[in-house]
Engineer: 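Before we start, here is the structure in question, set down as structure tokens.
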Amino acid sequence: MSKINRRTVLRGILQGSAVGVALPLLNCFLTDSGRALAATGRRIPVRFGTWIWGCGFIPEKWVPTATGASFAMPEDLQPLEPYRNKLAILSGFDVKLDGVPNKPHITGCLGLRTGVPVPNESVKAPTLDVIIGDEIGKNTRFRSLEISTSGTERSYSYRAAGSPNPSEVSPMALYQRIFGPGFQDPNSVDFKPDPSTMVRQSVLSAVQEDRQRLMREVGVDDRRRLDEYFTSIRQLEEQLALQLQPPAPVQNFTMPKAPPNVPFDSEMDNVLITHKLMAGLLAKALQCNQTRVFNLLLSDTASNLRRKGSTTTHHTLTHEEPTDPQLGYQKEHAWFATRSMVAWRDFLDEVAAIPEGDGTLLDNCLILAHSDCSIAKAHAVEGIPMMIAGNAGGKIRTGFHLAGNADPVTRVGLTLQQAMGLQVERWGVMSMETNRTVPELLA
């Protein structure tokens, strides 16, 4: 089966090229067989997101020595001191292997996000963000936004096997996608539906009977693949319907300026600039309800980050750099781990800078920050570092460090789903299956 970027297909429909395109493309998917109220009087929505950095951490520089609220920020977490009360630091939770060999750079990240032990990129389970997005993302223009800031179009957001939601890698492309054609200023007094939107909606409706016929005629495997595609079509129909209605007004919203042209590559200094620009655009998109779900990738699990003037990547260093005998860890690798936490602080700065209700946008977010491993040299999936930021509109407690004591990481995922309003009692499979939440997180 030829591979076609699903998001590219849907963008083509949104951009007016759907006539004569939508139905033939289906063949390519077949096998050969708010707690608070704003000043507007509307309830403020709760948003969910993930923020990922690659290649883990240096435990002695990251894990607090004390649990509970009275802990000292270790060296790598010191940039986050201003957000101490808005963070829950989680250490010691594991992705279980069930006796199967660890798949480097995949097992930790996708195991944490799907609840499946030792998955690969063909895992059939949806990732955590997609599960939550199906519940809270129905009334927004974008079901979710995926962003990568190190120059590689990579994503760990999956609806099903082999179909990652692709990331935007350019600040300008992200700006155009959110605030370019199709964007309606929520505070504009002059709302005029775009006539082309109505045309695109009619095109999708026109192929409805053909869609139903195809589903009756194909086999089980093809029906599964088609159902995945039609789910995207249904989401697109919902997005188009929203664009035909005036958006709700948003307090304190101002249209962001277009970002400057910047190099988007893997050089750390450039990545930090790109990351800050894209974080600011994302925060604005969340504020004006363009989406309620996001995934931001600072660096890939096989991190391609590098220092200025060097061709050696962060990932390469984790394997080839010798351990410093005085420090007890890899010094160059540690530099990237530290800078990753600076980037996380920069992201929180952008979200917390937007006032909302009686607090900030961050107060009405639930953000899971995580890596793909703990000790990168060994690709260890025991004790993967995680943090929760934001209070989910009052549903989540923060301001403490919790040690997981080798419990399955799915306890955290189950807790987040329940905090976001999902009626789910168990999550995960095999040794990762759990019905135990993390009660310390739930307000």
Engineer: Output, in order, the C-alpha distance, side-chain angles, deciding distance and verdict of side chain to side chain contact (heavy atoms under 4.5 Å, CB included) for Thr149 and Val169.
Structural biologist: CA-CA 6 Å; Thr149 67; Val169 299; over 6 Å; no

Engineer: Could you check whether His379 and His319 have their ring centres less than 6.0 Å apart?
Structural biologist: yes

Engineer: Please determine, by modelled atom types, if Trp51 and His275 share a side-chain donor-acceptor pair under 3.5 angstrom.
Structural biologist: yes

Engineer: Pairing donors with acceptors under 3.5 angstrom, does anything connect the side chains of Glu356 and Asn364?
Structural biologist: yes

Engineer: Between Arg47 and Thr291, what is the shortest heavy-atom contact and its length?
Structural biologist: CG-O, 4.4 Å

Engineer: Measure across Phe400 and Leu441 and return the closest heavy-atom pair with its distance rounded to 0.1 Å.
Structural biologist: CZ-CD2, 3.8 Å

Engineer: With side chain to side chain donor-acceptor pair (under 3.5 Å) as the test, pick out the partner of Asp265 among Thr152, Asn270, Asn304.
Structural biologist: Asn270

Engineer: Please identify which of these residues, Thr114, Leu97, Val409, Asp98, meets the side-chain contact (heavy atoms from CB on, under 4.5 Å) condition with Met432.
Structural biologist: Val409

Engineer: Do Thr415 and Arg436 get their side chains close enough for a donor-acceptor pair, meaning under 3.5 Å?
Structural biologist: no

Engineer: For residues Glu146 and Ser148, is any side-chain donor paired with an opposing acceptor at under 3.5 Å?
Structural biologist: no

Engineer: Side chains of Thr140 and Asn289: is there a donor and an acceptor less than 3.5 Å apart?
Structural biologist: no

Engineer: Under 3.5 Å, is there a donor-acceptor pair between the side chain of Ser310 and the main chain of Arg306?
Structural biologist: no

Engineer: Can we call the ring centroids of Phe142 and Phe183 under 6.0 Å apart?
Structural biologist: no

Engineer: Working to the nearest 0.5 angstrom, can you tell me the gap between Met386 CE and Leu402 CG?
Structural biologist: 9.0 Å

Engineer: So that I can tick it off, tell me whether Glu267 and Arg307 are bridged by a salt bridge, with the cut-off set at under 4.0 angstrom between side-chain N and carboxylate O.
Structural biologist: no

Engineer: Between Met341 and Asp76, what is the shortest heavy-atom contact and its length?
Structural biologist: CB-O, 3.3 Å

Engineer: Is it the case that the side chains of Thr254 and Lys284 hold a donor-acceptor pair, with the cut-off being a distance below 3.5 Å and no angle test?
Structural biologist: yes

Engineer: What's the shortest heavy-atom distance between Gly413 and Leu128, and which atoms?
Structural biologist: O-CD1, 3.8 Å

Engineer: Does a side-chain N-to-carboxylate-O contact under 4.0 Å join Lys61 and Glu75?
Structural biologist: yes

Engineer: Specify the closest pair of heavy atoms between Asp372 and Cys55, including all atoms of both residues, with the distance to one decimal.
Structural biologist: OD1-N, 2.8 Å

Engineer: Determine whether His370 and Thr50 satisfy the following criterion, side chain to side chain donor-acceptor pair (under 3.5 Å), listing intermediate values before the conclusion.
Structural biologist: CA-CA 8 Å; His370 69 86; Thr50 68; 5.2 Å; no

Engineer: For residues Asp129 and Ser157, is any side-chain donor paired with an opposing acceptor at under 3.5 Å?
Structural biologist: yes

Engineer: Distance only, no hydrogens: is a donor on one side chain within 3.5 Å (strictly under) of an acceptor on the other, for Tyr156 and Asp300?
Structural biologist: yes

Engineer: Tell me whether Arg397 is salt-bridged to Glu440, with the criterion being a basic N under 4.0 Å from an acidic carboxylate O.
Structural biologist: no

Engineer: Taking the basic N atoms (NZ, or NE/NH1/NH2) and the acidic carboxylate oxygens, is any pair closer than 4.0 Å for Glu350 and Lys276?
Structural biologist: yes

Engineer: Ignoring hydrogens and geometry beyond distance, is a side-chain donor-acceptor pair present between Asn391 and Thr398 at under 3.5 Å?
Structural biologist: yes

Engineer: Any salt bridge between Asp269 and Arg339, counting N to O under 4.0 Å?
Structural biologist: yes

Engineer: Could you tell me which non-hydrogen atom of Gly133 sits nearest to which non-hydrogen atom of Val293, and how far apart they are?
Structural biologist: CA-CG2, 3.6 Å

Engineer: Any donor-acceptor pair under 3.5 Å linking the side-chain atoms of His314 with those of Ser303?
Structural biologist: yes

Engineer: Please tell me whether Tyr175 and Ser170 have a donor and an acceptor in their side chains that are separated by less than 3.5 angstrom.
Structural biologist: no

Engineer: Any chance the side chains of Asp349 and Tyr83 put a donor and an acceptor closer than 3.5 Å?
Structural biologist: yes

